[in-house]
Protein chains: 2
Amino acid sequence: MDPLTYKQSGVDIEAAEAAIRRIGPLAKSTFRPEVLGEIGAFAGFVKVPAGYREPVLVSSTDGVGSKLKVAFLADRHDTVGIDLVAMGVNDVLVHGAEPLFFLDYMAVGKVVPEKIEAVVRGVAEGCRQAGCSLVGGETAELPDFYAPGEYDLAGFCVGVAERSRIIDGSTVTPGDRLIGLASSGLHSNGYSLARKVVFELMGLKVSDVLPGLGRTVADVLLTPTRIYVKPVLELLKAGPVRAMAHITGGGLTGNLPRVLPTGCKAVIERGAWTVPPIFTLIRETGKIAEEEMFRTFNMGIGLSLVVAREHADHCRALLTSLGETAWIIGEIQAGSRGVEYVGAR
Amino acid sequence: MDPLTYKQSGVDIEAAEAAIRRIGPLAKSTFRPEVLGEIGAFAGFVKVPAGYREPVLVSSTDGVGSKLKVAFLADRHDTVGIDLVAMGVNDVLVHGAEPLFFLDYMAVGKVVPEKIEAVVRGVAEGCRQAGCSLVGGETAELPDFYAPGEYDLAGFCVGVAERSRIIDGSTVTPGDRLIGLASSGLHSNGYSLARKVVFELMGLKVSDVLPGLGRTVADVLLTPTRIYVKPVLELLKAGPVRAMAHITGGGLTGNLPRVLPTGCKAVIERGAWTVPPIFTLIRETGKIAEEEMFRTFNMGIGLSLVVAREHADHCRALLTSLGETAWIIGEIQAGSRGVEYVGAR
């Protein structure tokens, strides 16, 4: 028997080191002044930003889920990192925190440095969009876990908020208005169902054009999740926001109640915004109930804000001026915590 | 065709909610006073601890790697969470930071609430051992990614250090002594190779007793990674430590140089400690070169500290009194950055 080496057991340390060399400059491109860049052998280092009286660290972790399967099919790996960052930074943002730093975990069947670089390029792009620093990451080569060419991603975001300015929904009152910010598409949720409809029921390939949409399956399903950090932080400087919800798995139905106090329900006007055609296509092809759609997909609303009635128009206008597509999608009413949909279907 | 639902696409939101209910009390058992426990709909909240003049956040991410495969074979899921926490907190610790909070990401083929609870029970146990708070987590159900019964784990740790007291190895000087702290076994690295030797070459099952060790494969290979946080933080109060390295993938050979300044090499005395029998068994059965062993496995040293020569005996005695098994395993000499092994094989 020949002597065994670690490489023979399926783990290639040299390929991993090649990948790490590619990642370094990408990470550096995201560094805020608080990052202490040159000292971290085993960890990343970030100073708590100045100017906070009682800084609170706000943290979240998430993955991209089965949207990754579309990236594998399309062999396109430079956008899912944006999704990964979006899932974390938007979660932190909705509590009024400024995203500060991010770390990623990538588990692969086999280290292919170019592919890892493409994923991390997306992560770095997302971090720049969110103004947060990519200060660490791990690439794990697990040949017995992942099919050839496949990987999984997890992301971790830490933001900072002034304790007295944390947004938690506790001040939400009947009469408040709900503002919805347009999503860029499916974002990173509902892909198990969406893939079933598009690939199984419709029998499409990633390179096929989606009927009525004029764009390929890959382009539509890989559109990166919108990152709302910069416009929303700008809005927070201008005025009070009482609650925000990141519309992820569970849709408006599942996510809005998470930030509503007891005795408040969200009443959403169906016709207040245009549901993008991809959702209509999925609903009609899969014969999916509207209720199921609203608790699986974002239906065109990626982030929702609750503001006092008298601030609603101004907030909407400000968000529009900052580049968002914003609608007043409903209001808060007295009732048991939940979401009610009204108006014509 | 029947209408499609999200559950039919392989994602079971109700099972996920059952899992979340089991996790809540486990997480709460880890909370430090800095945790603001009741506000986090989308994120976890932790105050920056009082008493730091210039607090620096020190962060790390890691997984457990293919040690998980042994947990699957043994159907034993309540210890890998300890490994997950250990990988993160020890990384943060070696820079002199106190671990503050932790988040976990768990991706499963199918949500089995009992299994998720077992994993998180381990994570919570690890967090208590490290004195850090489990403030968030994500369980992703990805039926098309993971084989039935399998899962992957990623963990994220944030610690805090006084900027002026960060340990980065920059003050290491020839003549300094290397202290090694005993590992509890393989910790969480080298399992691709270890599994190949134990399961393929030796043909053992997880329930078999390892020859000469008197313990089963499962017991030996699933021994949780040692968490060094409490004794090492105690040592740091007592005196200066110039560098520390967490001995993970890459072994002493790969990890010690990460914290050595230019012009310093670590000279390690082979006979200074007893290499545990599992490493000898793996080496002999796999006919693995000693060099390969030292850059794949921890070889019995889970954490290494560099201290001034005159403090070495005192530091070692203090670590011993705090429950660690500690040896002086070598010294720093002038030379090009790297590790040299001397003394009888």
Side-chain angles (χ1 to χ4, degrees), chain A residues 1 3-6 9-11 36 39 41-48 54-63 65-66 69 91-92 94-95 101 103 105 107 135-138 140 142 144-145 150 152 154 156 158 163 166 168-169 190 192-193 196-197 246 258-259 286-289 292 296, chain B residues 1 3-6 9-11 36 39 41-48 54-63 65-66 69 91-92 94-95 101 103 105 107 135-138 140 142 144-145 150 152 154 156 158 163 166 168-169 190 192-193 196-197 246 258-259 286-289 292 296:
Chain A
M1 194 193 82
L4 270 185
T5 64
Y6 200 51
S9 68
V11 174
L36 307 177
I39 55 178
F42 289 89
F45 293 76
V46 182
K47 284 193 291 180
V48 175
E54 197 175 2
V56 173
L57 304 172
V58 182
S59 56
S60 175
T61 179
D62 212 340
S66 68
K69 284 277 181 185
D91 271 0
V92 158
V94 294
H95 292 294
F101 64 91
L103 295 92
Y105 169 87
V135 297
E138 167 71 9
L142 297 170
D144 300 335
F145 283 67
E150 299 212 344
D152 195 11
F156 166 71
V158 174
R163 184 174 184 178
I166 288 173
D168 62 0
S192 293
L193 187 50
K196 204 174 173 80
V197 169
H246 183 199
R258 295 166 75 179
V259 293
K287 299 189 171 52
I288 300 166
E292 185 77 8
T296 303
Chain B
M1 193 193 81
L4 270 186
T5 64
Y6 200 50
S9 69
V11 175
L36 308 177
I39 54 178
F42 288 89
F45 292 77
V46 181
K47 285 192 292 179
V48 175
E54 197 176 2
V56 173
L57 304 171
V58 183
S59 56
S60 174
T61 178
D62 210 341
S66 70
K69 284 278 181 184
D91 271 359
V92 158
V94 295
H95 291 295
F101 63 90
L103 295 93
Y105 169 87
V135 297
E138 167 72 8
L142 298 170
D144 299 334
F145 282 68
E150 299 211 344
D152 195 11
F156 303 99
V158 174
R163 184 174 185 178
I166 288 173
D168 63 0
S192 294
L193 186 50
K196 204 172 173 80
V197 169
H246 183 200
R258 295 165 75 177
V259 292
K287 297 190 172 52
I288 301 164
E292 186 77 7
T296 303

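Residue numbering restarts at 1 for every chain, and letters A, B, ... go by the order of the sequence lines.
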* Structure fact -> Comparing B/R258, B/E54, B/K47, B/E150 against chain A, the one with the most heavy-atom pairs below 4.5 Å turns out to be B/R258
Please look at [X] and chain B and tell me whether the side chain, the backbone, both or neither of the residue comes under 4.5 angstrom of a heavy atom of that chain.
| X | value |
| --- | --- |
| A/A154 | both |
| A/V135 | side chain |
| A/V94 | side chain |

* Structure fact -> B/E138 meets the side chain to side chain donor-acceptor pair (under 3.5 Å) criterion, sequence neighbours left out, with none
Could you give the distance from [atom1] ([X]) to [atom2] ([Y]), rounded to the nearest 0.5 Å?
| X | Y | atom1 | atom2 | value |
| --- | --- | --- | --- | --- |
| B/Y105 | A/D152 | OH | CG | 3.5 Å |
| B/T61 | A/F156 | OG1 | CZ | 8.0 Å |
| A/R163 | B/F45 | CZ | CZ | 11.0 Å |

* To do: Could you have a look at A/V92, A/D91, A/V158, A/V197 and say which one has the most heavy-atom pairs with chain B under 4.5 angstrom?
  => A/D91
* To do: Report the relative orientation of the aromatic rings in B/H95 and A/F42; use parallel for angles under 30°, tilted for 30 to 60°, perpendicular for over 60°.
  => tilted
